[in-house]
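Protein chains get the first letters and strands the later ones, always in sequence-line order, with residue 1 at the start of each.
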Protein chains: 2
Amino acid sequence: MNIAVIGAGAVGLFLAASFKRPGQDVVLVTKRAEQAALLADHGIVLTGKIKAEKNVQAQVGIGTQPFDLIVCAVKSYDVPSIVAKGESLAHDETRWLFVQNGMGHLEEIAHLTGKVAVGVLEYGLFKEGDAVVEVRGLGSLKIAPFKRMTEQDITVIGDVADGQVLDIHTFPDYKPILEEKLIANACINPLTAITGEKNGALVKQQGYMAAMKSVFDEAVAVLGRNDDEALWHYVVAVCKKTANNESSMLVDYQQARKLELDAILGYLIRLGEKKQIHTPRLLLLYQLLSRGETR
Amino acid sequence: MNIAVIGAGAVGLFLAASFKRPGQDVVLVTKRAEQAALLADHGIVLTGKIKAEKNVQAQVGIGTQPFDLIVCAVKSYDVPSIVAKGESLAHDETRWLFVQNGMGHLEEIAHLTGKVAVGVLEYGLFKEGDAVVEVRGLGSLKIAPFKRMTEQDITVIGDVADGQVLDIHTFPDYKPILEEKLIANACINPLTAITGEKNGALVKQQGYMAAMKSVFDEAVAVLGRNDDEALWHYVVAVCKKTANNESSMLVDYQQARKLELDAILGYLIRLGEKKQIHTPRLLLLYQLLSRGETR
């Protein structure tokens, strides 16, 4: 099977290493020649809780070569540019797997004509260098069909990965798994970015905990979920499990990089507007964090 | 006239220098012997937009010597400790002037048996050292009677200051002037503390401006003011006038000192609870900033 992983950040590097097995090639698509050269020379190194070294092919930019499986691991705000080039990368039976934060990209990927699945990655990853990822927290990749995907297609994606590296779980419905992750991201990422704290602080300090619960309540109300008790336990558990991690949004904020604000807070705010549900806290956080944008 | 200024931060130093005139003694009460020694040796130096050097007496801690005028310039959360010692510092005709942020201290100072006025200081001050204050922005001290004060008492306070240093305006009613300052503080201080920005950024960046307006709307609703257009212009004008200043809350937050959260946000939140007016944004900011507390 002909596999491409697009995006060579922490998630892309980790997933490329996960899909690389003996006898199966993986092409990792990066934006920078420098990183491609480094990857061609050294492969990908996983350290921390999962140790592995994988040789992958590296390619600068999206070409015209079609793939059987395309794993898209770019930031959510870069999904439209991948979708725009989708035709040149896919044949009729190409399977797409999109692994992003938030749910803002779903509208975009609906434009693809191929078979599309979405995934949620729950590992604590830290990019140590252009070819090195430290796995700080273990978890799984949850995948579900989004469009034109059969149960068998989903199973194929699950089977193709290296089980020593990646734990994949398949689900029949994408909505619950993406919503869960979205809620956790909406609760944890903006609050850690704005306070400069690690994830664990949110459940250690009373004021932060109350702030997080009030943000949670707005997110749950907008999504119309009725399992809020279980969801709250999930969010608290994520904070505890990743206590010493800095959220991706905190890291991006501190480095003045573009934030995934629209995919996370923006999606909930827009949905709230449609449903006429007030989201004053989500809105305030969005406005205060918009400094980080450097589009 | 026998004058004491309690509190030797930027505001206390500035006010002590303001009330020191030829032939009139001012005792500045500080907590630290080190600062008292420095003040005894060098006096107070004002730099920046107002330049002055004033010799004042310095005293460590509140004694039992009574004063005719006591200017209380401690942080709002330290007002209760001054009120508790009030009896030993005052005779029947002692005039008190309280100059704090927020309105949280009003309940406390109602316990004093003497004549009490309150004031709002609108200068941009930066404490450069234990005896040096840089005046970065010009303004005025607005004072008004709070309790047992006649118009004449208020005039006396106004007359006793050095007009070359301090511009004093007297008002018949304390509520509007304290509310105005409270609203400006509620809009500017928490947002600058949480974003790490100078005051001017709040009106330069669209997201911050929208955030500030939404915080303003909650504050105005709670106070039940009907001059919100004029008040909003006032808040924006303060941001522009103090564009290059770091708010006191930002400085305190960065240095992990106790914040005046209760006097500013806390007062509005409690008043909102009483009036059954929702203040989700004020509450979220309060919760997120409570890290700074090091009581």
Practice item. Can you sort out the partners of A/Ser248 under side-chain hydrogen bond (donor to acceptor under 3.5 Å, both in side chains), two or more places apart, ordered by chain and number? Key: none

Study note, to complete from the structure: The reported gap from OG1 in B/Thr195 to OH in A/Tyr253 (rounded to nearest 0.5 angstrom) is 6.0 Å

Study note, to complete from the structure: Rounded to the nearest 0.5 angstrom, the CD-CG distance for B/Gln205 and A/Leu288 is 9.0 Å

For [X], look at atom [atom1] and say whether over 12 heavy atoms of other residues, nucleotides or ligands are found less than 6.0 Å away.
{"X": "A/Lys31", "atom1": "NZ", "value": "no"}
{"X": "A/Glu107", "atom1": "CD", "value": "no"}
{"X": "A/Glu128", "atom1": "CD", "value": "yes"}
{"X": "A/Gln255", "atom1": "CD", "value": "yes"}
{"X": "B/Lys127", "atom1": "NZ", "value": "yes"}

Check your understanding: What residues of residues 209-246 of chain A sit under 4.5 Å from chain B when only non-hydrogen atoms are counted?
Key -> A/Ala210, A/Ala211, A/Ser214, A/Val215

Review point. Do the non-hydrogen side-chain atoms of A/Leu284 and B/Leu285 ever get within less than 4.5 Å of each other?
Key: yes

Practice item. If a pair satisfies salt bridge (Lys or Arg N to Asp or Glu O under 4.0 Å) and one of its residues is in residues 187-201 of chain A, list it, with sequence neighbours excluded. Key: A/Glu197-B/Arg291

Review point. Taking only residues two or more places apart in sequence, or in another chain, which ones meet B/Tyr123 in a ring-ring contact (aromatic ring centres under 6.0 Å, His included)?
Key: B/Phe14

Review point. How far apart are the closest heavy atoms of A/Pro280 and B/Pro280, and which atoms are they?
Key: CG-CG, 3.5 Å

